[in-house]
Amino acid sequence: MPLESSPADLRKLGEATLDLAAGFIANLADRPSHDLSPSAERFAITGEPNELTELLTTVMRAAEPGVDTAGPRYLGYIPAGGLVSSAVAHLLALVLNRFPTVAEMAPGMVAIEQSVLDWMCAEFELPGTAGGLLTSGGSAATLSAVVAAREDRLGADSRGATLYVSGHTHLCVAKAARVAGLPRDCVRVVPTDDRLRMDPRAAARMIDEDRRAGRRPFLLAGTAGTTDTGAIDPLGDLAALAREQGLWFHVDGAYGGAFQLTARGRERLAGVAEADSVVLDPHKGLFMPYGLGTLLVRDVRTLSAAHRHDAPYLQDLVAGDGLPDYADHGVELTREHRGLRIWLPLRLHGVQAFRDELDEKLDLAGQAADELSAIPAVHVPWRPQLSTVAFRLREGDRATRTLFDAIRRDQRIFLTSTTIGGEFHIRLCVLSHRTHAEQVNEAVAAIRALAG
Ligand SMILES: *Cc1c(COP(=O)(O)O)cnc(C)c1O
């Protein structure tokens, strides 16, 4: 096939690929949730042209081993799903191949991306000065948030820089601090309460002590839904503390931020509207395929102050008509158009469809927690604050690990584990748009049977 596909070639490529994709989706519910046996196959490039059908078969084989993260019984880590309407939007965006990080180059496509950010800012009730950036994921978004905070609160000198997390904050905050070149000892871990939420009074004491010791506290990171258990820090109290102390208030909603779309979530995330920056991952809570994170900031000028650079080879560019140049908001200059992957599904299915799905996930996790608590051998230490249930066997770590191994061998459901307070816990997270009562019941039944 020549490099430039004829319309007929394009149809052939598209139809063969879509046939496979449709078959894959149709069979998702019946496949084992994972196969963790090592895969020996390598996929060398030989140089010769190959038949399309043969290549597609190879790709499907490559997708077999590992964890079926698109499947409805993937309940480990933080599930996503992979809305196919988003994948189709991505295909179109890539065929159009517009340059979306400089407004003048693609004003219409930038307007689409900006409408996604505007919609999110409105959902979080951020002020009119707010703006943001679509990134590859939560970690990349967090990096730009930390850099913006550093620039805004510390300027060029980051000596003594100190930021505050809890023991349940995602690793991406400390990683961002390190990549951003902040001092190695800049991360302070604030204690949590009995529901695993950051203790604002302890944070206040630490900030005071650090200031007296000559350090420069500049950022307080709250989490709206920890990865371990979905715990939500007291965002309102933390926002007030940050404001009082002149700290940048960051909210990591990579997992839990999407629940802002539900009435219960909005109540539990109260205070998020006070944040200086919010991260949320459409490739988690909006069920989009991987590769979509979001950074929202209270004042979009803080992002450009931290990331904007000029160069002679960009001298022809004129400022877009009220549209941002996203290159000034983050680390990437050239990248794909990400907005369409969110805009098309939101417009096609309607926002209410997402609200309903997320509401269902809250219900399902609550039911799973109730049913697991009813198994005599099982202990559920915390009521789920979002859609994650952590549990263990009353007998202790050894027995819980044995149960975990049995769930893995069983292969029907995929769960992951974590260590909280020095104790081994199994966690079950419901988030995919493909996961419904049927799969959660199946998971609970499997745990009941294997827990003995
Ligand atoms: C997943 C997650 C992240 C990291 O996001 P990526 O998209 O994986 O880079 C950050 N914080 C929380 C709470 C998460 O669950």
Side-chain angles (χ1 to χ4, degrees), residues 67 69 74-82 86 120 124 132-147 149 163-180 187 189-190 192 196-198 219-233 235 238 249-260 265 268-269 272 275 277-296 330-332 335 338 341-342 358 361 365 382 384-390 415-418 420 425 427-432:
V67 181
T69 43
Y74 172 54
L75 307 168
Y77 303 110
I78 309 282
S86 176
M120 288 179 179
F124 282 98
L133 182 69
L134 296 179
T135 65
S136 58
S139 303
T142 303
L143 175 60
S144 281
V146 168
V147 170
L163 63 89
Y164 300 83
V165 300
S166 85
H168 297 278
T169 305
H170 194 274
L171 64 89
C172 71
V173 177
K175 187 175 178 180
R178 183 167 146 205
V179 175
V187 179
V189 181
V190 180
T192 46
L196 310 180
R197 302 170 305 177
M198 187 188 280
L219 184 149
L220 177 62
T223 301
T226 61
T227 313
D228 272 346
T229 63
I232 303 165
D233 288 335
L235 303 179
L238 294 177
F249 182 44
H250 174 70
V251 175
D252 181 355
Y255 158 46
F259 288 99
Q260 178 77 3
R268 293 172 200 175
L269 268 56
V272 69
S277 53
V278 182
V279 162
L280 90 151
D281 268 354
H283 67 202
K284 288 176 178 165
L286 294 180
F287 325 119
M288 309 279 170
Y290 293 136
L292 278 178
T294 312
L295 170 60
L296 305 176
V331 295
E332 295 173 300
R335 67 156 163 86
R338 296 190 178 122
R341 297 178 59 182
I342 305 174
L358 286 160
K361 307 314 164 211
W382 308 277
Q385 296 175 47
L386 290 171
S387 68
T388 304
V389 190
L415 303 183
T416 51
S417 75
T418 188
I420 303 170
H425 289 77
R427 48 189 292 296
L428 181 154
C429 181
V430 189
L431 200 60
S432 168

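In what follows, residues are counted from 1 in the order of the sequence shown. The figures here come from the full heavy-atom set of this structure, side chains too, leaving out hydrogens, waters and symmetry mates. Indexing begins at 1, ligand by ligand and atom by atom, following the structure's order.
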Would you mind listing which atoms of ligand 1 come within a distance below 4.0 Å of any non-hydrogen atom of [X]?
X: Y255; result: 15 (O)
X: A254; result: 2 (C), 3 (C), 10 (C), 11 (N), 12 (C), 14 (C)
X: D281; result: 5 (O), 6 (P), 7 (O)
X: G138; result: 5 (O), 6 (P), 7 (O), 9 (O)
X: T227; result: 12 (C), 13 (C), 14 (C), 15 (O)

Do the side chain of [X] and the main chain of [Y] share a donor and acceptor less than 3.5 angstrom apart?
X: D281; Y: H283; result: no
X: R427; Y: L75; result: no
X: D228; Y: H168; result: no

For atom 11 (N) of ligand 1, what's the nearest protein heavy atom and its distance? D252 OD2, 2.6 Å
The closest protein heavy-atom partner of atom 9 (O) of ligand 1 is S139 OG, 2.6 Å
If we check side chain to side chain contact (heavy atoms under 4.5 Å, CB included) with V272, which of these qualifies: V251, L296, I232? V251
Side chain to side chain contact (heavy atoms under 4.5 Å, CB included) partner of K284, the single match among T227, I78, L292: I78
Candidate with minimal heavy-atom separation from atom 1 (C) of ligand 1, of K284, H168, H283, H170: K284
Touching ligand 1 at all, G225? Heavy atoms, strictly under 4.0 Å? yes
Answer with yes or no whether C172 contacts ligand 1, where contact means a heavy atom under 4.0 Å from a ligand atom. yes
Go through S136 and Y290 one step at a time and tell me if the side chain to side chain donor-acceptor pair (under 3.5 Å) criterion holds. CA-CA 8 Å; S136 58; Y290 293 136; over 6 Å; no
So W382 and H425, would you call those rings parallel, tilted or perpendicular, with 30° and 60° as cut-offs? tilted
